[in-house]
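Here is the naming used below: chain letters follow the sequence lines, and residue numbers restart at 1 for every chain.
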Amino acid sequence: MTNSTRPLNFVEKIVKEDLDSNKVQAVQTRFPPEPNGYLHIGHAKSICLNFGIAETFGGQCNLRFDDTNPEKEDIEYVDSIKADVEWLGFKWDGNIKFTSDYFDQIHEWALHLIKEGKAYVCDLDKEQAREYRGTVKEAGTNSPFRERSVEENLALFEKMRAGDFDEGACSLRVKIDMASPNMHLRDPIIYRIKKATHHQTGDKWCIYPSYDFAHGQGDAIEGVTHSICTLEFEEHRPLYNWFIENLPVPSTPTQYEFSRLNVNYTITSKRKLKQLVDENVVDGWNDPRMPTVSGMRRRGYTPESIREFIDKTGVSRNEGVVDVGMLEFAIREDLNTNAARAMCVLHPLKVTLTNYPDDKKEVMTAPGHPSRDDLGSRDLPFSRELLIDQDDFREEANKKYKRLVIGKRVRLRNAYVIEADEAVKDEAGNIIEVRARIIEDTIGKNPADDIKPKGVIHWVDATDNVDCEVRLYDRLFNDASPDAGGKDYMLSLNPDSLAILSGCKGEKSLAASDPESRFQFEREGYFIQDSRYSAPEKLVYNRVISLRDTWAK
RNA sequence: UGGGUCGUCGCCAAGUGGUAAGGCACCGGGUUUUGAUCUCGGCAUUCGUAGGUUCGAACCCUACCGACCCAACCA
């Protein structure tokens, strides 16, 4: 949600000014992904910006697939992108658009340019074209095919279209300036031969327009007023404008650039993310450790938290790196107020309450949330044998340790205060059981002798509980900038990014919970059932994020 | 000896000639049956550096330094 009190970002200011000055009547934006991969957190920023602006200024935002390269694109991606945009909570206006919807029009515009003497078919191959283009510091040279006649160009382009040439044999170029300091203006290629089947147009075409020759035109056709993209397209803007000025387009959109989102300890490059998937470093594009929208969704992030994170992170032209801590803060903030509480013991250790009758059973009642009555309450069976976490017991400890210690007391959350008497060990010396006593009449009140416990620990009944598997995630990379300066990010993978704990014991109420609902396992963190592996007979929980821990080990 | 863009607290980010918002992180106090939450307080005499203009500059000018982008028939 857009925070109404925050100042407008620079793009919003431009939109507001254009609206106030009547430069535009209504704002029209678009989110233009290429369907060649899954959406990640960086795309989420673009989505929030484009849809967000339309929303706050009463305009519209289209979803348009920029599908000018059939070799890299696939319908699978089209579907996942649609699902991700919707999940994030945005609705595009009208039908979904495809740049390929405009191929006929774009083709006509290519013809228009040829007739105007502004475009020509060039027979230079890739390598030759590169040589003629010059370098970033040296001017290029005109192609020897630059002065072909309009008739010849028309005929040649038609042969390209008809499939008479092999891929790479020639291309259609626009005649601008081979000496321009801007490389994109050195007679850019606007149509190339690709004998590939397109996911939308099938085999209708064997020539496809380039990004530069399609994007702005698509914007113009859709009446996009503000074409928002990332900084690397800045140098394309003169070309973008050139086409808008030299073609009889129906409207005149303007391109604005903002800096893309970078998050430390994270990579956001489709190619690199794909490598993690292909090499099975992760469990697919939606692995809970992936910065993809689908991965974050499976991890347990809420759409609200992602939108909030992006809002707090701002929009500017500064190339910065946002601390993952901000993302973690956003999801903790959301889940703290919205997730129901529950108890789950991750590393069970048996506690026998020696002064509690073997045949006695009680049912404790605990609130679903400390401050939200609407989240109801839950019943917690309690008996002589309980389970607590191994980390919550020590035979002896210093005063800083606020959990169970022999001879000391601790509060069992939502139940009695207990005092430990002895630790039972196996032959190897491992503690396998703690023998303790309850202090009578301490439910909801302090001990009568006024010796108050220092801490509170969570627990679960030793038999009346639900078994589950818990997956603890940590950052995928140990390096804050895994791929900076051409570093090999595969070398900084965190070997401990996933820890699978089996035999965890959760409180009884979990068995009946909705697979989609998120919980705070008290004193541990926030969890959600894993959409891939969890089943009613075998619950699997993903840890979304741990609780903030100032005690820090 | 090309062009473009950017440099405000550890991180993100307002401010655009009138004397440095906010968030994250961090550090303290209080509350607390989650070492959580909540709450109170602290946290840039300084805006990449050096000059200049001005009564007054982070904002204007000049030079310098640093970072990023551009030589796919990718987007």
Would you classify [X] as touching base, sugar-phosphate or nothing, given that sugar-phosphate means primed atoms plus P, OP1 and OP2, and contacts are heavy atoms under 4.0 Å?
| X | value |
| --- | --- |
| A/Q520 | base |
| A/I443 | base |
| A/Y208 | nothing |
| A/P32 | nothing |
| A/N182 | nothing |
| A/H236 | base |
| A/L231 | nothing |
| A/G444 | base |
| A/K400 | base |
| A/T68 | sugar-phosphate |
| A/V322 | sugar-phosphate |
| A/R413 | base |
| A/R548 | sugar-phosphate |
| A/V321 | sugar-phosphate |

### Message
Heavy-atom nearest nucleotide on RNA chain B for A/P33 versus A/R523: which residue maps closer to 5'?
### Response
A/R523

### Message
Are there over 12 heavy-atom neighbours, none belonging to A/K274, within less than 6.0 Å of that residue's NZ?
### Response
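Not more than 12 within 6.0 Å, no.
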
### Task
Determine if A/Y211 stacks with B/rA75; use a centre-to-centre distance below 5.5 Å and an interplanar angle below 30° as the criteria.
no

Rounding to an integer number of Å, can you tell me how far [X] [atom1] sits from [N] [atom2]?
| X | N | atom1 | atom2 | value |
| --- | --- | --- | --- | --- |
| A/R271 | B/rA72 | CZ | P | 16 Å |
| A/K72 | B/rC73 | NZ | P | 11 Å |
| A/K454 | B/rU32 | NZ | C1' | 17 Å |
| A/D177 | B/rA71 | CG | C1' | 15 Å |

### Short side-chain N/O contact to B/rU33 OP1/OP2 from A/N446, under 4.0 Å
no

### Message
If you compare every side-chain N and O of A/S316 against the phosphate oxygens of B/rA13 (OP1, OP2), does one of them come in below 4.0 Å?
### Response
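Indeed, a polar side-chain atom of A/S316 lies that close.
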
#### Entry: Side-chain donor/acceptor contact of A/R341 with base of B/rU34 under 3.5 Å
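Between B/rU34 and A/R341, which were checked side chain against base, a qualifying N/O pair under 3.5 Å is present.
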
### Task
Indicate syn or anti for B/rA25, taking the glycosidic torsion and treating anything within 90° of 0 as syn.
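Glycosidic conformation of B/rA25: anti.
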
### Message
Tell me if the aromatic rings of A/Y526 and A/F521 count as close, with their centers under 6.0 Å from one another.
### Response
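That pair fails the under 6.0 Å test.
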
### Query
For the rings on A/Y265 and A/F477, is their centre-to-centre separation under 6.0 Å?
no

### Task
For B/rC11 versus B/rG42, give the span between their P atoms, rounded off to a whole number of Å.
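About 23 Å, rounded to a whole number of Å.
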
